[in-house]
There are 2 protein chains.
Amino acid sequence: MKEPKQRSACPISTSLDVLGDKWTLLILRDMVFAGKSTYGQFLQSAEKIATNVLADRLAVLESQGILTKEVAADKKSKFTYRLTEKGLDIVPIIVSHILWGARHYTTDIDPGLLDELRTGKDAAVEKYQQLARNA
Amino acid sequence: MKEPKQRSACPISTSLDVLGDKWTLLILRDMVFAGKSTYGQFLQSAEKIATNVLADRLAVLESQGILTKEVAADKKSKFTYRLTEKGLDIVPIIVSHILWGARHYTTDIDPGLLDELRTGKDAAVEKYQQLARNA
DNA sequence: CTTTACACTTGCAAATCGCAAGTAAATATA
DNA sequence: TATATTTACTTGCGATTTGCAAGTGTAAAG
């Protein structure tokens with residue numbers, strides 16, 4: 001129902017079939033770097049994703065095994081989204097976007113984080129993956 | 001005329017404002033890993049980009065200073081597109097997509113290239129940037 | 001028993017995409 | 001010199017996707 005079709009056998013093309021739009025990586029950013037895990041939290045981000053687009057992207061990400069959806073511990077009317085290992089493997093893609101964006105455009109990135117990513121990228125990737133695992 | 005608008009001051013969001021679609025990174029892939037440099041060559045790729053979409057993306061990439069467009073040395077009816085340093089800085093993004101796509105989906109990537117990227121990512125990035133500079 | 005919180009779904013206009021065809025300038029061929 | 005071809009687009013149009021506003025449904029709170 002929500003499966004993106006594979007345009008070619010190229011790994012870049014295949015990645016883009018799933019992640020190649022303006023919203024998907026922002027949802028994953030919110031999970032990894034802001035600790036967000038619910039629909040309502042994703043809606044509050046600065047970029048103002050539309051509700052139907054958010055619902056659609058979450059469904060695709062779930063169908064692709066990038067995140068899991070389960071009823072929240074506290075409320076039964078709430079869902080908690082968590083990254084799978086396949087989802088955590090996307091962190092390097094996110095980090096590469098951060099570095100390029102921060103280098104070539106004016107942004108409000110925390111200088112401490114930027115320095116951390118620049119000087120020890122691999123260690124930082126592992127750190128944020130581990131943080132997301134325990135979130 | 002072709003400037004994408006910045007949705008927020010987040011560097012990831014800003015990167016996606018420019019690169020976040022299903023085609024842009026494929027054009028850059030063709031330049032870096034296939035040595036392509038003309039409109040006609042980009043059209044021949046396996047994913048079959050539409051002519052109007054290709055023209056639009058090339059205009060955006062040029063307006064963003066990611067590539068330059070100049071009349072070809074041999075023919076005046078032909079243009080040569082070349083990556084700028086800002087464009088070459090996108091290679092790590094492309095490589096991260098390759099690694100994720102190749103890990104989680106079935107693709108036709110050359111095993112030698114994959115191994116090169118896995119075992120010495122930074123060196124490989126620099127190698128392909130240098131190759132593109134001399135193309 | 002009504003209100004609020006939360007997670008969506010629906011309807012619709014606007015923007016974008018995909019496909020086929022057409023245009024225009026430079027070059028090659030007869 | 002006339003015609004055909006190459007190369008790089010542009011145009012038109014139906015189909016898909018997006019963005020925005022409003023509505024629906026269920027669980028918890030008051």
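Remember, it's a predicted structure, so these values are computed and weren't measured experimentally. In what follows, every chain begins at residue 1, and chains take the letters A, B, ... in the order their sequences are listed. Computation of the quantities below employed the complete heavy-atom set of this structure, encompassing side-chain atoms and omitting hydrogens, waters and symmetry-equivalent molecules.
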Asks: What's the CG-C1' distance between B/D56 and C/dC17, to the nearest Å?
Replies: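 Between C1' of C/dC17 and CG of B/D56: 10 Å.
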Asks: What is the distance, rounded to the nearest whole Å, between atom CD1 of A/I49 and atom P of D/dT18?
Replies: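 For the pair A/I49 CD1 and D/dT18 P, the rounded distance is 10 Å.
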Asks: Can you measure A/K36 atom NZ to C/dC6 atom C1' for me and round it to whole angstrom units?
Replies: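 Spelled out: NZ on A/K36 to C1' on C/dC6 is 16 Å.
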Asks: Quick check on A/R103: does its CZ atom have over 12 non-hydrogen neighbours (other residues, nucleotides or ligands) under 6.0 Å away?
Replies: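 Count not over threshold, so no.
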Asks: Could you point out which residue of A/Q64, A/Q6, A/R7 forms a side chain to side chain donor-acceptor pair (under 3.5 Å) with A/D17?
Replies: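 Output: one option passes, namely A/R7.
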Asks: Checking contacts here: which listed nucleotide (D/dA27, D/dA8, D/dG19) is nearest the side-chain heavy atoms of B/T38?
Replies: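 Closest of the options to the side chain of B/T38: D/dA8.
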Asks: Can you check the B/K69 NZ to D/dA8 P distance for me, whole Å?
Replies: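 Rounded to whole Å, this separation is 9 Å.
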Asks: Go through B/K121 and A/D122 one step at a time and tell me if the salt bridge (charged side-chain N to carboxylate O under 4.0 Å, His left out) criterion holds.
Replies: CA-CA 11 Å; B/K121 188 173 162 181; A/D122 292 349; 5.7 Å; no
Asks: Taking atom C1' of C/dG18 as reference, at what distance in whole Å does atom CD of B/E47 sit?
Replies: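 Whole-Å distance recorded here is 15 Å.
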Asks: In this structure, how many angstroms lie between the C1' atom of D/dT5 and the NZ atom of B/K78, rounded?
Replies: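 Roughly 14 Å, once rounded to whole Å.
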Asks: Which listed nucleotide (D/dA27, D/dT7, C/dG18) is nearest to the side chain of A/K76?
Replies: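 Minimum distance to the A/K76 side chain belongs to D/dA27.
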Asks: Hey, what's the ring geometry for B/Y81 with B/F42, parallel, tilted or perpendicular (30° and 60° as the breaks)?
Replies: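 Because their plane-to-plane angle lies in the 30° to 60° range, the rings of B/Y81 and B/F42 count as tilted.
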Asks: Name the residue closer to the 5' end of DNA chain D, choosing between B/T51 and A/K75 according to the nucleotide with the nearest heavy atom.
Replies: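 So the residue in question is B/T51.
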Asks: From the list D/dC20, D/dC9, C/dA7, which nucleotide is the closest neighbour of the side chain of A/Y39?
Replies: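 Between D/dC20, D/dC9, C/dA7, the one nearest the side chain of A/Y39 would be C/dA7.
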Asks: When the nearest nucleotide of DNA chain D is assigned to A/D74 and to B/Y81 on a heavy-atom basis, which residue is associated with the more 5' position?
Replies: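 Nearest nucleotide further toward 5': that of B/Y81.
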Asks: Show your reasoning for whether side-chain contact (heavy atoms from CB on, under 4.5 Å) applies to A/L113 and A/E116.
Replies: CA-CA 5 Å; A/L113 172 59; A/E116 183 184 5; 3.8 Å; yes
Asks: Look at A/R57 and D/dT17 and indicate whether a side-chain polar atom (N or O) is within less than 4.0 Å of OP1 or OP2.
Replies: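 Result: no.
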Asks: Would you mind telling me which of C/dC17, D/dT18, C/dT9 lies closest to the side-chain atoms of A/A55?
Replies: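 Closest nucleotide to the A/A55 side chain: C/dT9.
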Asks: What's the closest nucleotide to the side chain of B/A50 if the choices are C/dG18, D/dA8, D/dG19?
Replies: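 Comparing C/dG18, D/dA8, D/dG19 against the side chain of B/A50, the answer is C/dG18.
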Asks: At under 4.0 Å, does any side-chain N or O of A/W23 touch on OP1 or OP2 of D/dT18?
Replies: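 Negative; the distance criterion is not met.
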Asks: Ignoring the backbone of B/N52, work out which of D/dA28, C/dT9, C/dC19 is nearest its side chain.
Replies: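 Among D/dA28, C/dT9, C/dC19, the one nearest the side chain of B/N52 is C/dC19.
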Asks: Taking CD1 from B/I27 and C1' from D/dA8, how many angstroms apart are they, rounded to a whole number?
Replies: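 Atom CD1 in B/I27 sits about 14 Å away from atom C1' in D/dA8.
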Asks: B/L58 CG to D/dA8 P: how many Å, rounded?
Replies: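 Answer to the nearest Å: 10 Å.
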Asks: Students often get this wrong, so: under 4.0 angstrom with heavy atoms, is B/K22 touching a base, only sugar-phosphate, or nothing?
Replies: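 Nothing, no nucleic acid heavy atom in range.
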